[in-house]
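Protein chains get the first letters and strands the later ones, always in sequence-line order, with residue 1 at the start of each.
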Protein chains: 4
Amino acid sequence: MSVHSLRFKMPRTNNKKELIIDAAIKVFARKGFYNAKVADVAKRAGVADGTIYLYFKNKDDLLISLFETKMEEILTRFSSLIEKKISAEKKLREFINLYFLMIEQDQDLAEVFQVELRQSSKFLKDYHNQKFIDFLNIIGAIIEEGIAQSLFNKNISIHNVKLLLFGALDELARQWILTGDASRSLKQTANETADILLYGMLK
Amino acid sequence: MSVHSLRFKMPRTNNKKELIIDAAIKVFARKGFYNAKVADVAKRAGVADGTIYLYFKNKDDLLISLFETKMEEILTRFSSLIEKKISAEKKLREFINLYFLMIEQDQDLAEVFQVELRQSSKFLKDYHNQKFIDFLNIIGAIIEEGIAQSLFNKNISIHNVKLLLFGALDELARQWILTGDASRSLKQTANETADILLYGMLK
Amino acid sequence: MSVHSLRFKMPRTNNKKELIIDAAIKVFARKGFYNAKVADVAKRAGVADGTIYLYFKNKDDLLISLFETKMEEILTRFSSLIEKKISAEKKLREFINLYFLMIEQDQDLAEVFQVELRQSSKFLKDYHNQKFIDFLNIIGAIIEEGIAQSLFNKNISIHNVKLLLFGALDELARQWILTGDASRSLKQTANETADILLYGMLK
Amino acid sequence: MSVHSLRFKMPRTNNKKELIIDAAIKVFARKGFYNAKVADVAKRAGVADGTIYLYFKNKDDLLISLFETKMEEILTRFSSLIEKKISAEKKLREFINLYFLMIEQDQDLAEVFQVELRQSSKFLKDYHNQKFIDFLNIIGAIIEEGIAQSLFNKNISIHNVKLLLFGALDELARQWILTGDASRSLKQTANETADILLYGMLK
DNA sequence: GATGAATGAGCCTTCATTCAT
DNA sequence: AATGAATGAAGGCTCATTCAT
């Protein structure tokens, strides 16, 4: 190795790894994990095919790492919400808003999560998707808080509501992405969703 | 030739095609579409690999046909619900109950639908999933009816509610299947879900 | 078997075998032996796939039978030529005329012979194409006669000339078929070919 | 890293592509295109099956590329002949000599050309065999020149003669290869062929 | 670390052939 | 004899992964 490569190493966490993950998000979003080729990701990332294997054990690992990395970022964004000094109802509304905001800001990531997350948690060997559970638990925590504050009905099942809520958001987001439906703003959808979940549909 | 072979030929509703579809449901549910081999399906169906291609153009077509066939059956079951002479609220409750009942009765099919349906509607070439849209519209019709009956709040967006409702049911079902959680009965989950959607979460 | 099938059996050599051979000629001519499916031949012949195997051992055998049968017919047509009481030169001219006439009358057969004959004599196992050799020997016999009559130069190699002549006719015919060139009549080509072979190209 | 690896990199005229083409010639010559497996070619070339697909789109493309590449080489050899300052008669004799010489030097290639060329020009999709037409036109050019020099009879059809000549050479070559007939030298056959075409067969 | 040519296991699909009816 | 649904061996091709440079 020449003297020149003794050059000042960025301390920041590996640049190229991020590059590859970001490329993978885009490629997986467009083609789906199984239809996407490692070579596609490499090309999009501007690296050689082999380079990917310097940072990831294999294609599955790339997907898992992608989930982990991005889930971490997402969790960070949502976690701060919990600590806010606002009512559980307000938190729930903010949660829903933030969810749709995220979807709007990074549709590719959203697609990967929505479609591949499901495949993967079922078919990737030895992958227990803890981060996703953590994410659901943020909802759970808000609900719990609401019950503690005697805001929410104490008979509702936290377990069910967190799934119900996530499922609802997820499906609304998917269709928004799928149809490219820009007419209905996600902001408005967020409000309606919150209203229905909070007040119910009955007149 | 015995008297019995003066047959009485099975109604001939393509026996073997069904056989293959049923095998495919099981195999796809366990391994996922992309990890499942056509040979796996053939073996499970008790036919030769080539036989599958007598009934389906290719592996993709098998998945799509599976959707179409089963969706048809499902739509039939749900459609009759609409025509019943009961309130929209009752219909919605029955819809939710039926949904979970079906999930319970055919978990394999449910798994395929939940996981692969998403993949496919996005990544299978040229497949516009009309049957799924029809299914969503059954929910839509109930909501509409409820609004017409002045039962439901007329400000709610039918489009959003049908997605919200489906997403919620879907996610609850997925987790139930995934975790094999027999403790919580789906029946109870159905009631809770209906309650929340109808009455809201607020105390 | 019912009394009706005791019906008068045509004494003529199997009808259906001919039917299949004729279909095979057309199909092989259009698609080539290797690209043609047995099912294609069956469909064209208006019989079931399995029926072909009642008359032919396998696909190769169908091709060989086709050659044998048709070559027999061709040999019969050409053989009579030899016995005519005309000069060798006249015979050669008639031979050439007859060759092109045949091509004109049955282009499909011609295509099969031209293209598949070559494949087959090389790659079909255990097939010694005696009939083709007999055909070439008809040319050889005419040349021999011409030499015996002191009409043709005795120094020419009969072996070479028969190949040369056949090759020339064959290529002219192929191009005529290939290009669908109706402008140049084969009749005229026949005369020119005969002239060149007899008189040479020199001025 | 040793001094030797400061290489001197092969001119890099795709080494491996040639390797595969040469292997394909041998394999196709022995088994025929349709009976040859891609794996056979790979094994003979000493590469992995997949490597072939780095250089050729598919099996058909391998055959076509083989034609194109080799035809190019052949055309180059024959083209120089046209420019020589010798009579058209001499050129024709040299053409015939060169043709047989090439056959003798590369029998495998000759076999592939003679047998597969016919198949392919008819049955490979979208392949217009321009190089073969160019080759025929070299003969045409010589004939034209001979007519211009008042050497050849001006009434002969150039179009017919070039086919006639090629067909004759081709058939003679085929039989020589097929029978492995070493007794009759091709050199002598070349002379006889030229004599007959130039002087005719009549005494 | 980076490359990308090479690898070869694996799978979908075809189609000649069979055989129960 | 005739059928045509069923078979399953075979092979073209892909693509995740490796490794020499």
Side-chain angles (χ1 to χ4, degrees), chain A residues 1 5 9 14-16 34-43 46-62, chain B residues 1 5 7 9 14-17 34-43 45-62, chain C residues 1 5 9 14-16 34-43 45-62, chain D residues 1 5-7 9 14-17 34-43 45-62:
Chain A
M1 200 176 260
S5 44
K9 269 273 165 65
N14 211 315
N15 201 309
K16 205 156 272 186
Y34 287 100
N35 292 313
K37 289 171 239 174
V38 173
D40 293 338
V41 177
K43 185 177 291 177
V47 301
D49 297 11
T51 303
I52 289 183
Y53 291 85
L54 296 175
Y55 298 95
F56 305 93
K57 209 154 73 285
N58 51 38
K59 195 186 174 190
D60 282 5
D61 183 44
L62 171 55
Chain B
M1 201 177 258
S5 42
R7 72 220 172 264
K9 281 239 168 177
N14 224 329
N15 210 285
K16 204 151 276 183
K17 189 164 187 171
Y34 288 99
N35 292 313
K37 284 167 255 175
V38 172
D40 294 337
V41 177
K43 188 176 289 178
V47 300
D49 296 12
T51 303
I52 291 182
Y53 292 87
L54 295 178
Y55 297 96
F56 306 94
K57 225 171 40 268
N58 50 39
K59 197 187 173 192
D60 282 4
D61 183 46
L62 171 55
Chain C
M1 199 178 257
S5 45
K9 269 275 165 62
N14 213 316
N15 205 306
K16 206 155 268 185
Y34 287 100
N35 291 313
K37 289 171 237 171
V38 172
D40 294 337
V41 177
K43 185 178 289 176
V47 301
D49 296 13
T51 304
I52 289 183
Y53 290 85
L54 296 176
Y55 298 96
F56 305 94
K57 207 151 75 288
N58 52 36
K59 196 187 175 191
D60 282 4
D61 184 45
L62 172 54
Chain D
M1 201 177 261
S5 45
L6 289 174
R7 71 217 170 269
K9 280 239 168 175
N14 224 330
N15 213 285
K16 205 152 273 183
K17 190 166 186 172
Y34 288 100
N35 292 312
K37 285 170 249 175
V38 171
D40 294 337
V41 177
K43 187 176 290 176
V47 301
D49 295 14
T51 304
I52 290 183
Y53 293 87
L54 295 179
Y55 298 96
F56 305 94
K57 228 175 30 270
N58 51 37
K59 197 187 172 193
D60 281 5
D61 184 45
L62 171 55

Sequence neighbours left out, what passes side-chain contact (heavy atoms from CB on, under 4.5 Å) with B:N35? Give chain and number order.
->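 Listed in chain order: A:Y34, A:F123, B:K31.
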Nearest-Å distance for atom pair [atom1]/[atom2], residues [X] and [N]:
| X | N | atom1 | atom2 | answer |
| --- | --- | --- | --- | --- |
| B:N58 | E:dC11 | CG | C1' | 14 Å |
| D:D60 | F:dG11 | CG | C1' | 14 Å |
| D:Y34 | F:dG12 | OH | C1' | 14 Å |
| D:K43 | E:dA9 | NZ | P | 12 Å |
| D:F56 | E:dA6 | CZ | C1' | 15 Å |
| A:I52 | F:dC19 | CD1 | C1' | 16 Å |
| D:N15 | E:dA6 | CG | C1' | 14 Å |
| A:N35 | F:dC15 | CG | P | 9 Å |

Which nucleotide, F:dA6, E:dT13, F:dT17, lies nearest any side-chain atom of A:K59?
->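 In terms of side-chain proximity for A:K59, the closest of F:dA6, E:dT13, F:dT17 is F:dT17.
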Using a cut-off of strictly less than 4.0 Å, decide whether [X] has a side-chain nitrogen or oxygen near OP1 or OP2 of [N].
| X | N | result |
| --- | --- | --- |
| A:Y53 | E:dT3 | no |
| D:K16 | E:dA5 | no |
| D:Y55 | E:dA5 | no |

Which range-with-range stems can be found for DNA chain F when each stem has 3 or more Watson-Crick or G-U pairs in a row and both distances sit under 3.5 Å?
->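 Stems (3+ consecutive pairs) listed as E:2-21 with F:2-21.
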D:I52 versus D:A42, closest heavy-atom pair with distance | CD1-N, 3.6 Å
For D:Y53 and D:N58, the nearest pair of non-hydrogen atoms, with its separation, is CE2-CA, 3.8 Å
Straight-line distance of D:K37 NZ to D:K43 NZ, nearest 0.5 Å =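 Spacing of NZ (D:K37) from NZ (D:K43) equals 8.0 Å.
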Could you check D:K57 against C:L54 and say which one's nearest nucleotide on DNA chain F is further toward the 5' end?
->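 Mapping each residue to its closest nucleotide by heavy atoms, the 5'-most match is C:L54.
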Under 3.5 Å, which N/O atoms of the protein pair with N/O atoms of nucleotides 8-10 of chain F?
| unit_1 | atom_1 | unit_2 | atom_2 | d |
| --- | --- | --- | --- | --- |
| F:dG8 | N7 | B:G50 | N | 3.3 |

Using a heavy-atom cut-off of under 4.0 Å over every strand shown, decide if A:A36 touches base, sugar-phosphate, or nothing.
->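 If one applies the 4.0 Å heavy-atom cut-off, A:A36 turns out to touch the sugar-phosphate alone, with no base involved.
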